[in-house]
Amino acid sequence: MRFLLDAEQRAFADALHAMLTAADTPAVIRSWSRGDHARGRALWSRIAEAGVFGLAVPEEYGGLGPRPVELAVAFVELGRHAVPGPLAETVGAAVLLGDRAPAGRFLPGLAAGKETATVAAPTGYALDGDVASLRLLPAPDGLYLSTAAPGPVRRSLDPARRLTRLAPAGELLGTGAPYDRALTWIRLATAAQALGVGLALLDRTVTHVQQRTQFGVPIGSFQAVKHRLADAKTALEFARPLLFGAAVSLRPAEVAAAKLTACEAAYRTARTALHLHGAIGYTAEYDLSLWLTKARALRSTWGTPHECRDLVLTEGLQRG
């Protein structure tokens, strides 16, 4: 089966790419990493105006969705530009709140970008809990809105991923939180981000090897370099149809397979990019590092490779 974007979806991706290119996201990422969120909030509003968060919000609450395929299209571009913030978590929050009484209280703000949401992982830590206006804490007895101040910020491998532990006390928004469905959407968004990160790393590395010379010729002309880049390109292109196939089905195992494949492809591309850039790739001042660290962080967030493989194998055995 071929998964090709239609003209409207391609135009949407192109518009987001142009907007994010003009936004100078490396500068936004560095400000966000230092705890200065002004530029990131401004970019967040523009992303919301483009309709990205509305793709996870039903129309009756001011959204455009649910439209998982278009959401995947958008998140590939967000990953391509390494946009910081609780992007996938806001999507998960929209899904968690969608079937509940407080939906009308929160979802219009999420779709419009007036609210920023995060969701605690099973570890109790949440991304950007110090920034989010909505901090959701799924628990065995229901879904809580964490109203207490979050714990201190813990640094991640990716400087732009700022983790905080959410306080368990708060307002009970409802019982029987549909956490599995929200996790599926979060993983889909994370997989799309990872694919975008990998594509950006590949593009930057191809440009670099065309400019860097050894023995009087560009290193991109060396057969070994071509093979490394071809392998990275193949892995990323193999992940693309799995991502959009998972967006069509929204089956948890297919989404887990897409996340596994996209994240592993991005991680492999990151290793190739680092190898071909040489020592400069290790420096935090060089923009490549912003994508290298994100590829590594996304690989394990919201489902490690081992967890995703287990889910795929378990469903395969059950269906067999």
Side-chain angles (χ1 to χ4, degrees), residues 9 12 44-45 47-76 78 85-122 126-129 131-147 166 168 170-193 243-256 258-259 301-303 311:
Q9 291 164 338
F12 180 43
W44 188 278
S45 296
I47 291 169
E49 289 173 5
V52 171
F53 301 120
L55 296 170
V57 174
E59 292 183 10
E60 58 264 36
Y61 299 114
L64 304 168
R67 300 181 69 173
V69 174
E70 286 74 15
L71 185 86
V73 171
F75 270 75
V76 169
L78 296 178
L87 299 162
E89 290 74 15
T90 293
V91 168
V95 175
L96 282 169
L97 294 167
D99 299 325
R100 302 181 172 281
R105 174 180 160 194
F106 297 119
L107 291 187
L110 288 179
K114 296 177 181 178
E115 301 276 9
T116 308
T118 192
V119 179
L127 182 64
D128 295 313
V131 182
S133 54
L134 299 177
R135 299 186 291 270
L136 301 183
L137 184 63
D141 59 335
L143 179 66
Y144 286 85
L145 177 65
S146 181
T147 53
L166 299 188
E171 177 187 351
L172 180 62
L173 298 179
T175 57
Y179 181 71
D180 289 344
R181 180 166 170 263
L183 178 60
T184 296
W185 278 76
I186 293 174
R187 282 179 174 168
L188 178 69
T190 303
Q193 277 184 283
L243 171 67
F244 289 111
V248 171
S249 73
L250 280 183
R251 295 185 62 164
E254 292 184 14
V255 172
K259 182 186 184 299
T301 189
W302 295 111
L311 181 55

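Index from 1, following the sequence. None of the values given here were measured: they were computed from a predicted structure.
In this structure, the separation between CZ on F244 and OG on S249 is 13.5 Å, given to the nearest 0.5 Å. With rounding to the nearest 0.5 angstrom, the CD atom of E171 is 10.5 Å from the CG atom of L136. Interatomic distance, CG of L134 versus CG of L97, reported as 7.0 Å (0.5 Å rounding). Separating the CG atom in D141 from the OG1 atom in T175 is a distance of 8.5 Å, to the nearest 0.5 Å. Expressed to the nearest 0.5 Å, how far CG of L110 lies from OG1 of T116 amounts to 8.0 Å. Here CG of L166 is found 7.0 Å from CZ of R135. Values are rounded to the nearest 0.5 Å.
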Practice prompt. I would like to know whether V57 and L64 meet side chain to side chain contact (heavy atoms under 4.5 Å, CB included); could you show each step before the answer?
Written response: CA-CA 6 Å; V57 174; L64 304 168; over 6 Å; no
Worksheet item: Would I186 and T301 satisfy side chain to side chain contact (heavy atoms under 4.5 Å, CB included), going step by step from the backbone distance to the final call?
Response: CA-CA 10 Å; I186 293 174; T301 189; over 6 Å; no
Discussion item. Evaluate F75 against L188 for side chain to side chain contact (heavy atoms under 4.5 Å, CB included), listing each step before the verdict.
Written reply: CA-CA 9 Å; F75 270 75; L188 178 69; over 6 Å; no
Practice prompt. Applying side chain to side chain contact (heavy atoms under 4.5 Å, CB included), run through F53 and W44 and close with a yes or a no.
Written response: CA-CA 10 Å; F53 301 120; W44 188 278; 3.4 Å; yes
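Taking the side chain as every heavy atom from C-beta outward, P138 and Y144 never approach each other to under 4.5 Å. Annotation: side chain of L55 is not in contact with side chain of P66 (no heavy-atom distance under 4.5 Å). L311 places a side-chain heavy atom less than 4.5 Å from the side chain of R187.
Side-chain N or O atoms of S146 include none that pairs as donor or acceptor with a backbone N or O of L137 at under 3.5 Å. Counting only distance, with no hydrogens or angles, the side chain of K259 and the backbone of T190 share no donor-acceptor pair below 3.5 Å.
When every heavy atom of A182 is checked against every heavy atom of G92, the shortest pair comes out as CB-O, 3.7 Å. Heavy atoms only, all atoms of each residue included: G129 and T118 are closest at CA-CG2, 4.1 Å. Here the closest non-hydrogen pair linking V255 and T184 is CG1-O, 3.4 Å. Here the closest heavy-atom approach between residue A94 and residue A56 is recorded as CB-O, 3.8 Å. Taking both residues in full, the closest heavy atoms of A132 and A117 are given as CB-C, 4.0 Å, listed atom of the first, atom of the second, then distance. A247 approaches A72 most closely through the heavy-atom pair CB-CB, 4.4 Å.
Every residue two or more places apart in sequence or in another chain was checked for a salt bridge (charged side-chain N to carboxylate O under 4.0 Å, His left out) with E115, and none qualifies. Applying the side-chain hydrogen bond (donor to acceptor under 3.5 Å, both in side chains) rule to Q193 yields no partners; only residues at least two apart in sequence or on another chain are considered.
W302 and Y179 have tilted rings, their planes meeting at an angle from 30° to 60° on a 0 to 90° scale.
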